[in-house]
Amino acid sequence: DVKVTQSSRYLVKRTGEKVFLECVQDMDHENMFWYRQDPGLGLRLIYFSYDVKMKEKGDIPEGYSVSREKKERFSLILESASTNQTSMYLCASSPPAGAYNEQFFGPGTRLTVL
Amino acid sequence: GDSVTQMEGPVTLSEEAFLTINCTYTATGYPSLFWYVQYPGEGLQLLLKATKADDKGSNKGFEATYRKETTSFHLEKGSVQVSDSAVYFCAPLIYNQGGKLIFGQGTELSVKP
């Protein structure tokens with residue numbers, strides 16, 4: 001069974017802390033994505049990656065960075081967490097772009113920044 | 001730019017009622033179209049998809065038809081169940097951005113017994 005796992009389901013951090021959210025996929029997918037989900041706004045793309053060490057900015061990259069040192073792992077980093085980064089964070093992976101490019105999602109990490 | 005407009009929720013229905021969730025999109029090129037579903041406390045999972053005009057995607061009693069002329073992909077189900085309570089997302093896939101999905105804001109469905 002295909003799987004995308006995220007390191008934590010719930011996380012509470014303080015303003016100014018450095019936060020790491022980890023995502024691992026076991027499907028040998030080239031593409032990986034980080035989204036944040038907020039009520040009324042749907043999912044917004046933060047960063048994505050087509051390959052190891054490759055990254056592209058999504059729609060809302062400010063305040064975030066990413067790292068992809070291995071194909072199966074894609075990390076989202078909040079360099080200095082702020083309260084407006086309290087949100088649900090979803091990771092996804094997919095094979096290369098094509099007609100059936102389904103994205104597979106992890107269960108999400110609900111981050112609260114106090 | 002590329003965008004998706006979904007029917008606003010929450011939508012509340014009684015069990016066995018007919019469901020329609022409207023979705024229209026603006027996208028460059030000829031996108032594939034997806035509906036994702038998010039059950040409470042879970043991540044998103046693919047519900048159905050369609051890749052060309054007039055294609056009908058179907059799964060678990062849900063259906064949606066790719067209407068190129070009206071740029072729409074409305075989700076329907078003839079008889080909803082309590083277990084269908086979830087948030088539904090319409091998402092075209094934009095190929096010229098490397099397979100980027102554009103998500104609507106989501107429509108929350110609540111089905112009462």
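Letters A, B, ... mirror the listed sequences (proteins, then strands); counts begin at 1.
- In the hydrophobic clustering, where aliphatic and aromatic side chains (Ile, Leu, Val, Met, Phe, Trp, Tyr) are joined below 4.5 Å either directly or transitively, A:M32 groups with A:L11, A:V19, A:L21, A:W34, A:I46, A:Y47, A:I60, A:Y64, A:V66, A:F74, A:L76, A:L78, A:Y89, A:L111, A:V113.
- Identified by a heavy-atom distance below 4.5 Å to chain A, the contributing residues of residues 40-48 of chain B are B:G41, B:E42, B:G43, B:L44, B:L46, in residue-number order.
- Only the side chain of B:Q38 comes within less than 4.5 Å of a heavy atom of chain A; its backbone N, CA, C and O stay farther away.
- Salt bridge status for A:D51 with A:K53: absent, with no side-chain N to carboxylate O gap under 4.0 Å.
- Within the structure, no pair that satisfies the disulfide (SG to SG under 2.5 Å) test touches residues 26-63 of chain B, not counting sequence neighbours.
- Counting only residues at least two apart or on different chains, the ring-ring contact (aromatic ring centres under 6.0 Å, His included) pairs with a member in residues 39-65 of chain B are B:F62-B:Y88.
- Counting heavy-atom neighbours within 6.0 Å of A:R110 CZ, excluding the residue itself, gives a total of 12 or less.
- Just one residue in the list B:K77, B:K56, B:K49 forms a salt bridge (Lys or Arg N to Asp or Glu O under 4.0 Å) with B:E63, and that residue is B:K56.
- No other option in A:R9, A:Q37, A:M88, A:Q6 has as many heavy-atom pairs under 4.5 Å with chain B as A:Q37.
- The environment of OH in A:Y10 is sparse: at most 12 heavy-atom neighbours from other residues, nucleotides or ligands sit within 6.0 Å.
- For A:L90, the part sitting under 4.5 Å from any heavy atom of chain B is the side chain, from C-beta outward, and nothing else.
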